[in-house]
Amino acid sequence: MKLLRLAPAKFIHFGTTREILELMNGGVDEYHYLRWSRKVGSSIRSDVSGYNSVLSSRASVGKDCYLEVSYVHGNSRIGSHSVLSYIDVQEQVIPDNVVLHGLKQRNGKFIVRIFGVNDNPKENRLFGRDLDELEDTLGVRFWEENGQAHTLWSAGLYQEADTIREATDAALELYEIVTGGKDFDRSLWTAASHKSLCAGFNEADPDAIIAWNKRMADLVTMDGIAKAIRDQVPAGSIRKLQSLTKIQKEWLRKRLRKADFGEKMRLHYYLGVILEDENEVQECFRIIQSEVLEATIKNLAYNEQARIVTDHHTVRLPLRVNWGGGWSDTPPYCNEKGGTVLNAAILLNGEKPVEVTLERIPEQKVVFDSRDMDVHGEFDTIEPLQATGDPYDPFALQKACLLACGIIPREGHTLGEILERLGSGFVMHSEVRNVPKGSGLGTSSILSAACVKAVFEFMGIAYTEEDLYAHVLAMEQIMSTGGGWQD
């Protein structure tokens, strides 16, 4: 005898509802050596059984349920021993021991057929109620044809609706009517169109069934990515995709619209890895930069109390060497988890090589002079000083410093007005001596710190070490360099 494992394969069950529940909630485990599973093509993370289905992490599901090509949204509640097939459940409550099966009809309408797990379509009962008796009690007709067999299969019980949500609501209302939990409105019943299990099956749209399967497969993939992000599964371990379908793009658009900062940037990063799309990865970093910059700009405050308090002031700072923990100080990691770095300040040939000098001048202008960069700029209007975000601007650092320290407002005002209040114009000299670019010794961030420290002391602005760190980080974001805290 030879044992064959038929995979990939699709299992189609012909039998009772009770049998499929028993199979999917225990029986299938007996065939684990064939890699049969309670969850097939689903993004379900709990112990709920499902095929090609999505289950919200906020939804509650009772014992021994089975989801088939269905989506359970939000805070929905599903009772025990129930089967959902081809439906969307949106913040709804599903009773115990019921089957809900959705079908789109060829006329474009939807029906959701509801019956008990133990109901037999060949019998004349629904949820334990005799249907002839129920028909008399409600004063309506379930069977239109004389001589038609009075069975659950042929009873016109299920209301047609324009959407799957409305059809599901109608099915749940039918459950309440049959079990006595809701008063019956005969006029509403007679005004609506109803179909039997038989008619709903015969008039179903087969193309719509195939489309619903494909839709759910697309949504399972995207929900799986979202849950991988939540569970911190590495992006590189997720199956690659060639592209996103129309349904997946729509899912992504809606998800990004309501996502917080952390999920938004991770969605782009994960998709960049999964699709091997560098544009998505870059969008991730753009969001990080944009979010941190936006928060930084909101906290910028124009300091109208600042005044030049000395004619000349120089700040010199050392370099730093990093022993470990680098990048844990960098957004977004440090914003979400904190960070720890170990480093030390070092001198170069016994000197502090980072130097910033501020000097009062009689002219009503601001002058930037960078000796190591060999650039010189003079400004007698405010607009060029307020133009930031260009990392190729030779004076990006100096402009960011004046904005972060509140010397220059983000917008409005005139330079003459500001310099008159400060007491005069000024020159900012900056230099990093004998340190090559890209040395890894923190020169750019330390130069930023020197600029902030020099401006605070030159302008008579009281500060703490925490203030200094915060303003340097703000400078990094204004300059679009996205640096960290350690320097």
Side-chain angles (χ1 to χ4, degrees), residues 13 15-25 48-49 60-68 70 72 76-103 110-144 148-161 164-190 192-201 204:
H13 175 78
T16 67
T17 303
R18 190 168 57 252
E19 286 173 339
I20 187 66
L21 277 175
E22 290 173 355
L23 175 68
M24 295 307 298
N25 289 290
V48 177
S49 300
S60 63
V61 180
K63 183 180 179 182
D64 293 341
C65 290
Y66 174 53
L67 310 184
E68 179 181 63
S70 293
V72 179
S76 300
R77 287 187 293 153
I78 313 300
S80 298
H81 311 289
S82 290
V83 177
L84 307 182
S85 181
Y86 286 83
I87 66 169
D88 278 355
V89 180
Q90 302 183 33
E91 309 290 342
Q92 293 156 304
V93 178
I94 307 301
D96 295 340
N97 301 302
V98 300
V99 177
L100 283 96
H101 178 212
L103 283 174
F110 290 86
I111 63 167
V112 171
R113 299 110 62 81
I114 187 169
F115 49 90
V117 167
N118 294 311
D119 285 337
N120 184 345
K122 298 176 183 178
E123 297 178 351
N124 188 23
R125 302 184 73 81
L126 177 64
F127 304 125
R129 291 286 299 272
D130 183 281
L131 289 176
D132 282 317
E133 177 189 308
L134 182 64
E135 187 181 51
D136 292 339
T137 301
L138 300 179
V140 296
R141 296 190 64 184
F142 297 151
W143 299 275
E144 296 296 333
Q148 186 179 22
H150 285 204
T151 63
L152 176 57
W153 179 250
S154 59
L157 297 166
Y158 304 108
Q159 180 180 323
E160 283 190 312
I164 194 70
R165 170 65 186 264
E166 293 171 351
T168 304
D169 285 338
L172 294 172
E173 185 173 334
L174 174 63
Y175 174 85
E176 294 294 328
I177 291 169
V178 175
T179 58
K182 182 180 177 64
D183 293 336
F184 180 66
D185 189 324
R186 186 180 296 106
S187 62
L188 290 177
W189 179 276
T190 56
S193 172
H194 294 81
K195 288 185 175 181
S196 64
L197 289 173
C198 178
F201 177 80

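In this structure, Asn120 CG and Phe115 CZ are separated by 10.5 Å, a value rounded to the nearest 0.5 Å. The distance from atom CG of Leu188 to atom OG1 of Thr190, rounded to the nearest 0.5 Å, is 8.0 Å. Between atom OH of residue Tyr175 and atom CG of residue Leu157 there is a gap of 15.0 Å, rounded to the nearest 0.5 Å. Between the SG atom of Cys198 and the CD atom of Gln148 there is a distance of 8.5 Å, given to the nearest 0.5 Å. Rounding to the nearest 0.5 angstrom, the gap separating the CG atom in Leu100 from the CD1 atom in Ile94 is 5.0 Å. Atom OH of Tyr66 and atom OG of Ser85 lie 7.5 Å apart (nearest 0.5 Å).
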Distance-only donor-acceptor hits, side chain of residues 121-129, under 3.5 Å, sequence neighbours excluded:
from, atom 1, to, atom 2, distance (Å)
Asn124, ND2, Asp132, OD2, 2.8
Arg125, NH2, Gly128, O, 2.4
Arg129, NH1, Val178, O, 2.8

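Remark: side-chain polar atoms of Glu160 are not paired, donor with acceptor, to backbone N or O of Ser193 under 3.5 angstrom. Proximity of a side-chain donor or acceptor of Thr168 to a complementary backbone N or O of Ile164 within less than 3.5 Å is detected. Using modelled atom types, no side-chain atom of Glu133 and backbone atom of Leu131 make a donor-acceptor pair closer than 3.5 Å. In terms of modelled atom types and a separation under 3.5 Å, the side chain of Ser82 and the main chain of Pro95 share a donor-acceptor contact. Within the 3.5 Å criterion, the main-chain N or O of Ala171 finds no donor-acceptor partner in the side chain of Tyr158.
Contacts of Arg165 classified as salt bridge (Lys or Arg N to Asp or Glu O under 4.0 Å), with partners at least two apart in sequence or in another chain: Asp169. For Asp119, there are no salt bridge (Lys or Arg N to Asp or Glu O under 4.0 Å) partners two or more places apart in sequence or in a different chain. In this structure, Glu68 has no salt bridge (Lys or Arg N to Asp or Glu O under 4.0 Å) partners at least two apart in sequence or on a different chain.
Applying the salt bridge (Lys or Arg N to Asp or Glu O under 4.0 Å) test to residues at least two apart or on different chains, none of the pairs has a partner in residues 171-183. Contacts classified as salt bridge (Lys or Arg N to Asp or Glu O under 4.0 Å) and involving residues 80-100 (residues at least two apart or in different chains) are given here: Asp88-Arg215.
Contact record, Arg186 with Phe184: CA-CE2, 3.6 Å, taken as the closest heavy-atom pair. Between Ser154 and Ala149 the shortest heavy-atom distance is OG-O, 2.6 Å. In terms of heavy atoms, Gly79 sits closest to Cys65 at O-SG, 2.8 Å. Of all heavy-atom pairs spanning His101 and Ile87, the tightest one is C-CG2, 4.1 Å. The minimum heavy-atom distance linking Phe201 with Arg113 is given by the pair N-NH1, 3.7 Å.
A parallel orientation is assigned to the rings of Trp189 and His194, their planes being inclined by less than 30° (bins at 30° and 60°).
Tested against Leu21, the residues Asn97, Thr16, Asp64, Val83 include a single side chain to side chain contact (heavy atoms under 4.5 Å, CB included) partner, Val83.
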